[in-house]
Visitor: 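The following block contains the structure, expressed as C-alpha cells.
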Number of protein chains: 2
Amino acid sequence: MYGVPTETQRGTVTTREEVARAALELADRDGIDALSMRRLADTLGVGTMTLYGYFRSKSELLGGVVDAAVDDREDLPTQGPWRGCLRDVVLTARRSMLRHPSLVETRMRQPVLRPEALRFAEATMTILTGAGMDREAAARTFRLLFTFLFGYAALSPAGDVEQAGRSARAALSALPPDDYPALASAVDEAAGAMGGEETFAFGLELILDGVAARLDHSTAQR
Amino acid sequence: MYGVPTETQRGTVTTREEVARAALELADRDGIDALSMRRLADTLGVGTMTLYGYFRSKSELLGGVVDAAVDDREDLPTQGPWRGCLRDVVLTARRSMLRHPSLVETRMRQPVLRPEALRFAEATMTILTGAGMDREAAARTFRLLFTFLFGYAALSPAGDVEQAGRSARAALSALPPDDYPALASAVDEAAGAMGGEETFAFGLELILDGVAARLDHSTAQR
DNA sequence: ACCTGAACACCGTTCAAGT
DNA sequence: ACCTGAACACCGTTCAAGT
C-alpha cells in the first residue's frame, strides 16, 4: 500500500516502546501528517486495530513518540558560569530537535508535561536561580527560551531551505519599494534571516544579553 | 449536519472575499481543524465543490484566510524612540493574533509571504535601522521577534487556561523532588509562567534589553 | 486473551454530469 | 458558464466477530 515496509516486518509487535519507536521514525522521516494509525500498522505488519492494544488513542501514541525522542538526549550541564551553561543547555535541546523534527510538530499538536521533557526546565531553573535570579523571573525566562526554541524550529522552512529562500527573495523583491523601503533595501539580509544556525545563534545571544541585563539589575539593587 | 448555519445562508456565494471571511470566522471560533471544505460549504449553504470555483485548493483558501485576518489591522508606529516604538509594534501584532487565533494556526501549516503580513517586518526593520543597527542584525532581530510572537501564541494553552494551569501544576507536583529540586521548589512560579500576558510582557522586555545591549555596543564601537 | 475486518463518520480533490 | 453529486483515496475510532 505504502511501499516496502522499512523494518520490523515481523507480523507481531512485542512492546509499547517498539510501537513508539517505529512511530517516531515514521514521523521524523515523512512528517507528522504521514503518521497515521493505519500507515503505522502497515509498517509494522499488523492490523490497524492492534495498535489500540498498546495505546488507547492516537494522542497517547504521540505521548509515546515524545518519550522515544527524548530518550536519547544528552546530559544537561548546570555547573559553571551561567552564560556558558545556559547556552549549552539550549544548544543541546536544539540538537535534539534537529535530530527529531517530529518532536516540534508533536508539541504543536498537544502540550508536553512528561518528566523527561521537563529536564530542560529543571536545568534552566537551576542555572538561573543559581545565578541569583528570583524564581518568578527564572520561570518566565525559561518560558522565553522554550518559546524561542520551539518557535524557531516550528517557523523554520520545513523542507528545501534553498527553495524557501528563493520564494522569500521573490516575495520581497516583488514588494512596491515606495511602501516597503526598509525591506526593499534589505532583501538579501531579510531573506538570509529566514533560516540557518547563524540566525538561531544571534537570537540566543541576544536573549542571553537580556538575561545578563536582568542579573546586573538585581545585583545592583542589592 | 453540523447544526444550524450561523449566517450567510443564502444559497449562492458572491465573492472570494466573502468565502475567506466565512472561513476565518469558522476557524477563529472552532479552531483550524474544524475548517474543512465540506463544513465551510455547509455553513455557506452551497455544495462543497462550489468553493473550488473561488479557491483552487485548501492551501489557497488558507492564504485568503490570512488576508482576511490581516485586513483589519491597526497602523504600526515607526516614529519616536526605538524602544517604545518596537514595543508598540509587537503589542499591535500580539493583539491581532489574540483577535484571530487561527492566524497562528494557519502560519504553523504554511509560510506567509503576503504583502500585508510583511508590514510587521517593514516596521521592525525601519525602527531598528533607524536606531543605528546594521541591516543584517536588524533582519535577525526581526526574526527573533517574529519567532517570539508566533511561538508564544502557538505554545500557549489553547482552550481553558485555568484547566491547563491545573494540569501543569499537577504534573510539576508529581515530579520526584530529588531529581527535580529546582522545579519542585518553584511549582507556583513554573505553573504561573505557562500563560498570561505578564509572561509575554516579561519576554518582550527582556528581548528589548538585549536589543539595547546590541545598540550600545555598536554605538560604543563607532 | 489477543487480534482484527467491517463499519461509521469524517477528510481533500478529481471527474463527469447536470442546469 | 456555473455549479455540484458521486467517487476515490485517505483519516481515527467503535464494535462485533474471529482465533
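Hydrogens, waters and symmetry mates play no part in the numbers below; they use all other heavy atoms, side chains included. First the proteins, then the strands, lettered A, B, ... as listed; each starts at 1.
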Visitor: How long is the line joining CZ of B/Arg38 and P of D/dA9, in whole Å?
Guide: 15 Å
Visitor: Write down the distance between CZ (B/Arg56) and P (C/dT13), rounded to a whole number of angstrom.
Guide: 12 Å
Visitor: How many whole angstroms separate atom CG of B/Asp33 from atom C1' of C/dC10?
Guide: 12 Å
Visitor: Can you tell me the distance, in whole Å, between the CE atom of B/Met49 and the P atom of C/dG18?
Guide: 17 Å
Visitor: Where the side chain of B/Tyr54 is defined as all heavy atoms beyond and including C-beta, which of D/dC11, D/dC3, C/dT13 is the nearest nucleotide?
Guide: D/dC3
Visitor: Write down the partner of D/dA17 under the Watson-Crick or G-U wobble criteria, each distance required to be under 3.5 Å.
Guide: none
Visitor: Tell me: CG of A/Leu35 to P of D/dC11, nearest whole Å?
Guide: 10 Å
Visitor: Could you give the CG-to-P distance, from A/Asp30 to D/dC10, as a whole number of Å?
Guide: 14 Å
Visitor: Stepwise, does the salt bridge (charged side-chain N to carboxylate O under 4.0 Å, His left out) test hold for B/Arg16 with B/Glu60?
Guide: CA-CA 11 Å; B/Arg16 186 179 157 98; B/Glu60 203 177 277; 3.4 Å; yes
Visitor: D/dT13, OP1 or OP2 - any side-chain N/O from A/Tyr52 closer than 4.0 Å?
Guide: yes
Visitor: Side chain of A/Lys58 only, heavy atoms from C-beta on: which candidate in C/dT13, D/dT13, C/dG12 is closest?
Guide: D/dT13
Visitor: If I take atom OG from residue B/Ser36 and atom CG from residue B/Leu26, how far apart are they, to the nearest 0.5 angstrom?
Guide: 7.5 Å
Visitor: Which residue pairs satisfy the ring-ring contact (aromatic ring centres under 6.0 Å, His included) criterion with at least one member in residues 164-187 of chain A, sequence neighbours excluded?
Guide: none
Visitor: Rounding to a whole Å, what distance do you find between B/Leu51:CG and C/dC11:P?
Guide: 12 Å
Visitor: Is D/dA9 paired to anything, Watson-Crick or G-U wobble with both distances less than 3.5 Å, and if yes, which nucleotide?
Guide: none
Visitor: Could you tell me whether B/Met37 contacts a base, only the sugar-phosphate backbone, or nothing, with contacts defined as non-hydrogen atoms closer than 4.0 Å?
Guide: sugar-phosphate
Visitor: D/dC11 P sits how many Å from A/Leu62 CG, rounded?
Guide: 14 Å
Visitor: When you look at B/Asp33 and B/Arg109, which way does the salt bridge (charged side-chain N to carboxylate O under 4.0 Å, His left out) test go after all the steps?
Guide: CA-CA 11 Å; B/Asp33 287 336; B/Arg109 274 176 171 58; 3.0 Å; yes
Visitor: Name the orientation class of the two ring planes belonging to B/Tyr152 and B/Phe200 (parallel below 30°, tilted from 30 to 60°, perpendicular beyond 60°).
Guide: perpendicular
